[in-house]
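Each remark here refers to the structure printed beneath this line.
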Amino acid sequence: MLDLLFGGSCFLCRGAAEGLLCAPCDADLPRLSGPLCPRCALASANAAPCGRCLARAPHYDATVAALGYSFPADVLVQALKFQGELALAKLLGELLAARVAASRVDCIIPVPLSAARLAERGYNQAIEIARVVARATRARLDASLCERVRDTPAQVGLPLAEREANVRGSFHCPRMLGGMSIAVVDDVMTTGATLDEVARTLKAAGATSVVNWVVARTA
Ligand SMILES: [Zn+2]
Ligand SMILES: [Zn+2]
């Protein structure tokens, strides 16, 4: 409302905007469309499970992503994650919430950061996004149900098998999750190794279903 009254500028192009983005930049967002694998949200003919998920099923049951991880979605996700642009959590969270509006889960859990990483960054972008999604979908958010017990070494450039080995044992559920259906929220999904390990951990603690709700998906 303040933006409407005083006039704002678009986060991306600095043109006039009523919200964080002007209408042309909003229209440029790479909203995912076309048939996707229901399990991992990669492009897949006829929306059938993709070859990778068929060959080795991940621990998560489904993935919903709002955007492709390409320009300008990557700029927005990185600005939220690394530049403290927390206002972007509302924009990105609402894009994700619109995608999952019809879904029902018992609880939303953001992918946790380790205490050390959280102290260094000052916030967890996944929690900021999850807050917006929880409000919009009236789902319960509980960031205490899954903890990150150790940091993962840098994953960039590593093949999937090494990423999986890297992330193994990184998470811990302090309580049992008997019979719960859970949505795990994160900003971006790349190989899915981290989300797979979160899902493995949640199911080992008793969760019956785990779905990923992510803002952006790499192709
Ligand atoms: Zn713009
Ligand atoms: Zn798949």
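One-based numbering, in listed order, for ligands and for the atoms of each. The basis for the numbers below is simple: all heavy atoms, side chains too, and nothing from hydrogens, waters or symmetry mates.
A distance-only check finds no donor-acceptor pair linking the side chain of Asp74 to the backbone of Tyr69 [under 3.5 Å].
The cationic group of Arg168 does not satisfy the cation-pi geometry with Phe171, failing either the under 6.0 Å distance to the six-membered ring centre or the 45° limit from the ring axis.
Using modelled atom types and a 3.5 Å distance limit, the side chains of Arg175 and Ser144 yield a donor-acceptor pair.
Test Thr63, Asp196, Asp186 against Asn212 for side-chain hydrogen bond (donor to acceptor under 3.5 Å, both in side chains) and you get one pass: Thr63.
Angle SG (Cys40) to the Zn ion (ligand 2) to SG (Cys37): 110°, rounded to 10°. Centred on the Zn ion (ligand 1), the SG atom of Cys25 and the SG atom of Cys13 lie at an angle of 110°, reported to 10°. With the Zn ion (ligand 1) as the vertex, atom SG of Cys10 and atom SG of Cys22 span an angle of 120° (nearest 10 degrees).
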